Amino acid sequence: MHTTAERVDLDFEFRVTSFRMYNVYGPRQALDNPYQGVLGIFLGNLLRGEPITIFGDGTQSRDFIYIDDIVDAWVSALANRDAYGGVFNLGSGHRLSIRELADHVLTSFDRTREHGRLVYAPGRPGEQRHVEADVTLARKVLGWEPRVPFDQGLAETTRWATSVPSRPAA
């Protein structure tokens, strides 16, 4: 898209802004898709009475960003000429280990590792160990700041997830 936007032979203005969105979570995310969003997977596991499976040792980490923060970034870029042609990271700028994520999700259901089934499986080949967004450029150009703390976003997501009618295991 960026290459197309740079073409001089277009008879219209074609604006492109790209976002690298990290682990986006929030209400209405898939709770039954094993290939989409580890937080949604963990929530779905608990809702279906399944164990939470952690691949590897659980110390690998990810950057989780709430959907409302993503929407704010997109909206702030729409009419921002300084954003045109830019590539921006959208994340919280903080890492959370998968083990810590499992603990947070269990806590959101008033459970602990002792009361929630937690199992470990072999690590996945090629998985990145640590992922954390550098959001400096988004702050500078878009005036954007992630504002929803993880625990608040998780509480909203859990509230929504527990209100969704039961689904069979995938």
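Predicted model, so just to flag it, every value in this text is computed and none were measured.
Residues forming a salt bridge (charged side-chain N to carboxylate O under 4.0 Å, His left out) with R28 (at least two apart in sequence, or on another chain): none. Partners of H94 under the side-chain contact (heavy atoms from CB on, under 4.5 Å) rule, at least two apart in sequence or in another chain, are S92. Applying the side-chain contact (heavy atoms from CB on, under 4.5 Å) rule to A102 yields the partners F42, I52, I54, L118; only residues at least two apart in sequence or on another chain are considered. Under the rule for a side-chain hydrogen bond (donor to acceptor under 3.5 Å, both in side chains), the partners of R20 that lie at least two apart in sequence or sit in another chain are N89. Partners of Y120 under the side-chain hydrogen bond (donor to acceptor under 3.5 Å, both in side chains) rule, at least two apart in sequence or in another chain, do not exist in this structure. Taking the side-chain hydrogen bond (donor to acceptor under 3.5 Å, both in side chains) definition, one finds that Q128 meets it with nothing, sequence neighbours left out. Residues satisfying the side-chain hydrogen bond (donor to acceptor under 3.5 Å, both in side chains) test with R81, not counting sequence neighbours, are E13. In this structure T107 satisfies the side-chain contact (heavy atoms from CB on, under 4.5 Å) test with no other residue, sequence neighbours excluded. Contacts of Y66 classified as ring pair (Phe, Tyr, Trp, His ring centres under 6.0 Å), with partners at least two apart in sequence or in another chain: Y25.
Hydrophobic cluster of F55: no remaining members, since no ILVMFWY side chain lies below 4.5 Å from it. Within the hydrophobic cluster formed by Ile, Leu, Val, Met, Phe, Trp and Tyr side chains joined at under 4.5 Å, directly or through other members, V131 is accompanied by Y22.
Proximity of R99 to R113: side-chain heavy atoms (C-beta onward) are separated by under 4.5 Å at one or more points. Looking only at side-chain heavy atoms (C-beta outward), N45 and T53 stay at 4.5 Å or farther from each other. No side-chain heavy atom of Y84 sits less than 4.5 Å from a side-chain heavy atom of V16. When side chains are defined from C-beta on, S108 does not count as touching L106, because their heavy atoms never get closer than 4.5 Å. Between Q29 and L39 the shortest side-chain heavy-atom distance falls below 4.5 Å.
Pairing each heavy atom of T17 with each of A83, the nearest pair is OG1-O, 3.1 Å. Across D63 and A133, no two heavy atoms sit closer than the pair OD2-N, 2.9 Å. Closest approach of A73 and L142 over heavy atoms only: O-CD1, 4.2 Å. Taking every heavy atom of both residues into account, L90 and A138 meet most closely at CD2-CB, 4.3 Å. Residues T157 and G26 share a closest heavy-atom pair of OG1-CA, 3.2 Å. Closest approach of N80 to V141, counting heavy atoms only: ND2-O, 3.0 Å.
Here CG of L96 is found 5.5 Å from CZ of F150. Values are rounded to the nearest 0.5 Å. One distance of note links CG of L154 with CG of L43; it measures 6.5 Å at 0.5 Å rounding. Here the CZ atom belonging to F88 is positioned 10.5 Å from the NZ atom belonging to K140, to the nearest 0.5 angstrom. I67 contributes atom CD1, which lies 13.5 Å from atom CD of E156 (distance to the nearest 0.5 angstrom).
Between E145 and R147 no salt bridge is recorded (no basic side-chain N to carboxylate O distance below 4.0 Å).
Both V135 and L137 belong to a common hydrophobic cluster when Ile, Leu, Val, Met, Phe, Trp and Tyr are linked at side-chain heavy-atom distances under 4.5 angstrom.
The list of salt bridge (Lys or Arg N to Asp or Glu O under 4.0 Å) pairs with a residue in residues 122-136, not counting sequence neighbours, reads D57-R129, R62-E127, R95-E132.
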